[in-house]
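Encoded as structure tokens, the structure appears first; notes follow it.
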Amino acid sequence: MKTTHYHTCNLCEAMCGIEIEHRGDEILAIRGDKEDPFSRGHVCPKAVALQDLHQDPDRLRHPVKRTVDGWVPISWDEALDETARRLHEVQERHGKNAVALYFGNPTAHNHGALFTLLPLVKALHTRQRYSATSADQLPHQLAAWQLFGNQAMFPIPDIDHTDYFLVIGGNPLASNGSIMTVPDVKNRLKALKKRGGKLVVIDPRRTETAGVASEHHFIRPGSDVYLLLAIIQVLFKELLVAPGKLDKLLDGKSDLQKLTENWTPEKVTEAVGISPDAIRKLARDIAVAPRAAIYGRVGLTTSPHSTLSAWLVYVLNIITGNLDREGGVMFTKPAFDVVALGAIGGEAGSFDRYRSRVHGYPEFSGEFPVTTLADEMLTPGQGQVKAFVTHAGNPVLSCPDGNKLDRALEGLEFMVSIDLYINETSRHANIILPPTGQLEHGQFDPIFQAVAVRNVVKYAAAPFAKPEDALHDWEILHGLATRLNRLKAKTQRERLQIAATDRLMRKLGDTGMIDLGLRLGPYGTGGKVMEQLKREGVHNLPKLAWQLLRGKHKGLTLQTLKDNPHGIDLGPLQPALPERLFTRDQRINLVPALYFRALQGLPVPKAPKEDEMLVIGRRHVRSNNSWMHNSQRLVKGKSRCNVMIHPQDAERLQVGEGDDVVLSSDAGNITLPVWISEDIMPGVISVPHGWGHDRQGVLLDVARRAGGASINDVLTTGRVESVTAMAQLNGVPVKVEAAAKPTSPKRTRTKKVAADA
Ligand SMILES: Nc1nc2c(c(=O)[nH]1)N[C@H]1C(S)=C(S)[C@@H](COP(=O)(O)OP(=O)(O)OC[C@H]3O[C@@H](n4cnc5c(=O)[nH]c(N)nc54)[C@H](O)[C@@H]3O)O[C@H]1N2
Ligand SMILES: Nc1nc2c(c(=O)[nH]1)N[C@H]1C(S)=C(S)[C@@H](COP(=O)(O)OP(=O)(O)OC[C@H]3O[C@@H](n4cnc5c(=O)[nH]c(N)nc54)[C@H](O)[C@@H]3O)O[C@H]1N2
Ligand code: SF4
Ligand SMILES: [Mo]
């Protein structure tokens with residue numbers, strides 16, 4: 001019998017509703033769910049590839065252990081027991097910080113993992129914590145914490161109502177939006193233009209988004225900070241600063257004026273590559289637009305000066321009165337309030353409480369930047385990392401200097417990966433713990449609902465039953481945490497407490513935790529309990545949880561979501577200040593001390609060197625970071641992993657369309673074909689990341705054959721942002737040369753491993 005199941009795609013941040021038609025275990029079709037009030041039937045090509053992921057013969061279905069005879073299947077009990085025991089042994093022998101943890105991007109798309117990662121973090125109690133954050137949105141979180149008192153309090157563009165949308169370093173038409181959950185972004189942008197609004201894109205490449213924009217400006221990679229400073233300078237100079245109702249909440253306006261007064265358009269124009277007239281026009285257009293939203297994303301947060309740039313984007317919204325107003329940038333009122341719950345759990349934000357062992361890099365939110373991960377493993381001495389846990393991450397392809405990390409992982413005493421595949425990173429593991437696949441678990445998006453362009457909430461039950469002998473991510477993480485805690489427990493009391501927590505978690509399950517969060521949230525009726533938690537902290541949560549879940553409840557609960565399988569629209573974003581501010585005085589200091597210092601240390605920009613080539617990244621709608629490349633229907637055709645280059649540069653290098661070039665740096669080199677196009681600035685090349693699956697031992701049959709190479713084999717860990725030491729992945733100089741022409745008629749791709757020490 002044919003059945004239709006409504007679900008949510010969790011591959012990117014857009015949360016598209018999907019409709020899965022199946023007969024038993026056989027998937028017949030995956031389509032957009034037209035009745036999903038938020039995504040309105042929109043999907044991208046990746047949604048259909050969920051079927052490939054579900055059926056992929058390379059996807060692991062049971063735990064495996066690496067032995068001299070290769071990978072062998074083992075039971076869950078054996079796998080979890082051995083993993084916990086070996087991690088515990090390493091910590092006993094070498095100290096707590098000898099175990100490092102890395103959480104990757106899909107962790108954020110998995111509610112079960114989000115609910116259970118902190119207990120594992122607590123059980124291991126190591127300072128060696130890492131995640132994709134420091135290769136991604138860290139500067140946004142830092143700015144949100146510094147300005148609004150909570151690292152999860154992101155201002156979200158009110159794209160459906162704005163009159164002027166300025167996108168700096170984001171390409172939502174390919175990425176489908178980020179820290180701005182916005183399914184069907186293309187039609188929303190069309191609607192913006194139709195109502196007379198303007199879309200303006202600032203990007204070193206004429207992107208897909210730039211292609212539908214009213215205006216596009218090429219910008220020299222890494223120079224956004226100078227553009228933003230000059231825009232703010234013009235606003236002050238021309239008396240266009242107008243925070244409106246926010247004015248009474250602001251401190252530091254005159255500091256900002258003083259700090260920016262010398263950054264004139266004339267001073268920055270050469271470095272930025274935008275004329276002083278155009279910069280002035282940008283400033284005036286923002287100021288006169290009835291409602292404007294200024295948005296910066298990955299191109300801005302992973303390039304030089306990302307700390308300052310991310311902060312200045314928020315500042316620009318504030319001083320033009322666009323924060324917290326309709327059509328500007330606004331805060332969500334999420335049904336599952338991760339922002340408030342995070343603050344109660346002590347996770348509002350932190351910076352530089354302690355520093356990393358090898359390079360002395362500052363901690364951010366309990367994590368070190370990925371730029372020091374390999375060195376913490378390779379550098380001998382007290383505190384050297386000897387064991388590693390990865391969850392839903394592939395740092396060998398996603399972090400700078402993949403070859404160095406490869407070498408570092410080789411030298412570990414023990415490694416475990418909680419992952420679906422044997423890929424570039426997990427091939428180094430001793431044990432791999434594979435969770436259920438995307439269509440075998442329920443889907444709820446506490447993070448992405450909290451950054452969506454409307455207030456929405458949805459829970460989708462699993463389309464397919466959990467296979468026998470499979471575990472969900474949350475069960476694996478919880479299982480490990482429980483075992484580690486048992487090994488550490490010294491008293492009978494501690495052991496009893498661990499058993500009680502274990503019982504509670506199993507009884508609640510992931511859905512119980514969702515239900516609890518909803519009841520505590522602003523549409524639930526657990527407001528009093530929430531207040532109690534705020535006063536007393538989380539230690540009382542288990543007791544309160546039971547009271548709340550048992551009690552009668554009139555507000556929004558999990559049952560409400562089950563009764564509405566397409567999701568619920570809770571309305572457009574609404575003004576929320578000052579009540580929503582988490583700062584102690586419920587005010588916004590425009591220039592917190594760390595930005596004051598960073599701005600004073602900002603070097604005067606230099607004109608670009610003539611023969612220097614800066615590399616930037618590129619996302620494609622048919623790809624997803626370093627994975628989903630094992631789907632034939634997504635990777636088919638000519639490899640999209642190529643070097644986009646301007647005709648002028650191609651001529652100088654004497655390369656023609658499709659010819660190979662060698663990209664090199666101190667870290668290593670890769671060889672890729674060129675794609676010559678006027679859609680990129682001269683002096684800039686664009687290369688997608690996450691490719692090159694031909695490393696030895698990778699068990700991804702389709703991906704292996706898909707070609708390409710990893711740009712992160714050329715990017716170095718040494719190039720870090722000066723405040724946070726986070727990775728620089730965009731606007732990085734690399735050497736580009738024509739590859740020696742092959743002597744045989746068939747061109748073969750060469751790929752040398754870095755020879756650095
Ligand atoms: N040069 C360059 N580098 C970049 C970027 C760039 O633009 N340029 N972008 C950066 C950004 S923004 C990010 S977020 C990072 C991403 O970097 P990572 O998070 O390290 O890597 P991903 O490619 O997302 O790999 C996800 C892994 O999770 C596994 N997986 C998928 N779903 C699940 C699941 O439900 N559970 C579990 N347990 N595992 C799962 C996949 O098999 C895969 O191994 O890359 C960064 N690296
Ligand atoms: N299809 C697809 N969707 C994805 C992903 C994916 O891999 N594939 N990854 C997901 C993830 S993890 C994330 S974080 C989001 C990212 O979402 P986006 O930020 O929208 O990602 P990108 O498409 O990489 O857009 C970054 C843009 O910045 C530009 N850029 C590079 N350097 C600079 C610079 O110095 N200044 C300026 N102004 N622009 C610059 C690049 O040319 C590029 O167009 O996408 C998510 N969605
Ligand atoms: S845009 Fe594509 S990948 Fe992203 S949620 Fe929608 S269907 Fe999934
Ligand atoms: Mo990301």
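Note that ligands are numbered from 1 as they come in the structure, with each ligand's atoms numbered from 1 the same way. Owing to the predicted nature of the structure, the values given are computational and were not obtained by experimental measurement. Just so it is clear, the values below take in all heavy atoms, side chains as well, and ignore hydrogens, waters and symmetry mates.
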[X], portion touching ligand 1 at heavy-atom distance under 4.0 Å:
| X | result |
| --- | --- |
| His391 | side chain |
| Leu397 | neither |
| Asn394 | both |
| Pro106 | side chain |
| His109 | neither |
| Thr107 | neither |
| Ala392 | both |

Does ligand 2 have any atom that is closer than 4.0 Å to a heavy atom of [X]?
| X | result |
| --- | --- |
| Asn624 | yes |
| Gly731 | no |
| Ser686 | no |

Has ligand 1 got any nitrogen or oxygen that is less than 3.5 angstrom from a nitrogen or oxygen of [X]?
| X | answer |
| --- | --- |
| His441 | no |
| Tyr421 | no |
| Val298 | no |

May I ask you to list the atoms of ligand 2 that are less than 4.0 angstrom from any heavy atom of [X]?
| X | value |
| --- | --- |
| Gly222 | 34 (C), 35 (O) |
| Asp203 | 27 (C), 28 (O), 29 (C), 41 (C), 42 (O), 43 (C), 44 (O) |
| Asp136 | 14 (S) |
| Asp224 | 34 (C), 35 (O), 36 (N), 37 (C), 38 (N) |
| Asn730 | 31 (C), 32 (N) |

Ligand 2 to [X] polar contact by distance, N or O atoms, under 3.5 Å:
| X | answer |
| --- | --- |
| Arg205 | no |
| Arg622 | no |
| Asn105 | no |
| Cys12 | no |
| Lys46 | yes |

Does the side chain of [X] come under 3.5 Å of the side chain of [Y] through a donor N or O and an acceptor N or O?
| X | Y | answer |
| --- | --- | --- |
| Glu367 | Ser131 | yes |
| Lys404 | Thr717 | yes |
| Thr107 | His391 | yes |
| His646 | Glu678 | no |

Test of understanding: given a 4.0 Å heavy-atom threshold, classify the contact between [X] and ligand 2 as side chain, backbone, both, or neither.
| X | answer |
| --- | --- |
| Ser303 | side chain |
| Asn171 | both |
| Ser623 | backbone |

message: So, 4.0 Å and heavy atoms of Tyr102: is ligand 1 close enough to count as a contact?
response: yes

